[in-house]
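Whatever order the structure lists ligands and atoms in, that order sets their numbers, starting from 1. Keep in mind that what you see is a predicted model, and the values were worked out from it rather than measured.
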Amino acid sequence: MTSTTTEPRYRLWQNPGWGSAIVEAQLAAYGLPYDLVTAGDIYHDAAARAALMRVNPSAQVPTLELPSGEAMGESAAMTLYLAEVTGRDDLVPAPGDAPRPAFLRWLVFMVSSIYPAGHFADAAERLVPEAEVAGYRAKVVAERGQLWRMLAEEAARRGGPWVLGDRFTALDIYVAVMTRWQPGRAWFAAELPALVRIAEAVAARPELRAVFDRNAR
Ligand SMILES: N[C@@H](CCC(=O)N[C@@H](CS)C(=O)NCC(=O)O)C(=O)O
């Protein structure tokens with residue numbers, strides 16, 4: 001007699017190349033079982049937005065449904081949670097590890113400073129009157145460039161090859177995904193080439209290559 005068991009799986013609401021790739025890369029790196037749910041154009045398609053909102057009231061990608069059925073928003077929360085639930089420290093330095101404070105600091109910087117600047121630029125039509133969209137977007141984009149510069153300076157100070165020096169972390173995954181976004185790889189290559197070197201090295205890692213290929217856009 002054969003018995004069938006259903007392995008508890010994660011469900012990641014995603015779109016190729018979006019912030020969900022940051023979380024998908026971590027699920028893959030940890031070897032966790034997951035399924036992908038396509039969120040669709042949540043910026044412009046009211047039905048797609050409503051479907052995601054039923055799971056996560058902020059209607060954002062990434063949204064991660066845990067095997068328990070609980071849904072999480074916020075990539076940084078997922079980053080910390082997945083390290084905790086796996087008991088692993090290969091992407092997130094453990095409490096007491098020397099790189100932990102810097103990791104936490106730059107993780108929060110990534111999601112509270114750089115990421116929202118991209119979001120505010122993308123969602124400009126929702127945030128300011130139509131006549132102000134272009135000017136507002138240009139200012140947000142300039143500000144985002146300065147924030148990226150701060151991160152690149154920190155990485156340079158630490159001497160590479162990763163954001164935190166010789167310690168590979170989930171921060172490098174954020175860089176690999178987010179440097180594919182506006183203002184685009186050509187801008188990063190010209191202005192902050194060290195971040196492109198990090199991004200390319202991340203995407204070439206054997207355990208991550210398939211995720212980055214699938215999320216290329
Ligand atoms: N703080 C969130 C930001 C997520 C976010 O802004 N996601 C974008 C797509 S990459 C999104 O869902 N935008 C649609 C919206 O906010 O309406 C995180 O780190 O997960």
**OP:** For residues Tyr43 and Trp18, establish whether the separation of their ring centroids is below 6.0 Å.
**Re:** yes
**OP:** Would you mind listing which atoms of ligand 1 come within a distance below 4.0 Å of any non-hydrogen atom of Arg126?
**Re:** 15 (C), 17 (O)
**OP:** Consider ligand 1: state whether an atom of it lies below 4.0 angstrom from any non-hydrogen atom of Arg49.
**Re:** yes
**OP:** Output the list of atoms in ligand 1 that are nearer than 4.0 Å to some heavy atom of Gly19, sorted by atom number.
**Re:** 10 (S)
Original post:
Trp148 pairs by ring pair (Phe, Tyr, Trp, His ring centres under 6.0 Å) with which of Trp187, Phe188, Phe109?
Top reply: Phe188
**OP:** Check ligand 1 against Ile42 and write out every atom of the ligand that is under 4.0 Å from a heavy-atom position of the residue.
**Re:** 12 (O), 14 (C)
Original post:
Just distances here: any N/O of Gln60 and N/O of ligand 1 closer than 3.5 Å?
Top reply: yes
**OP:** Decide whether an N or O pair under 3.5 Å exists between Val61 and ligand 1.
**Re:** yes
Original post:
Taking distance alone, with no angle check, do Ser58 and ligand 1 share an N/O pair under 3.5 Å?
Top reply: no
**OP:** Would you check whether Ala123 reaches within less than 4.0 Å of ligand 1, judged by its heavy atoms?
**Re:** no
**OP:** Under 4.0 Å from a heavy atom of Pro62: give me the atoms of ligand 1 that qualify, with their elements.
**Re:** 20 (O)
**OP:** Kindly say whether the aromatic ring centers of Trp181 and Tyr115 come within a distance under 6.0 Å.
**Re:** yes
Subject >> Which segment of Glu74 sits under 4.0 Å of ligand 1 when only heavy atoms are counted >> reply: both
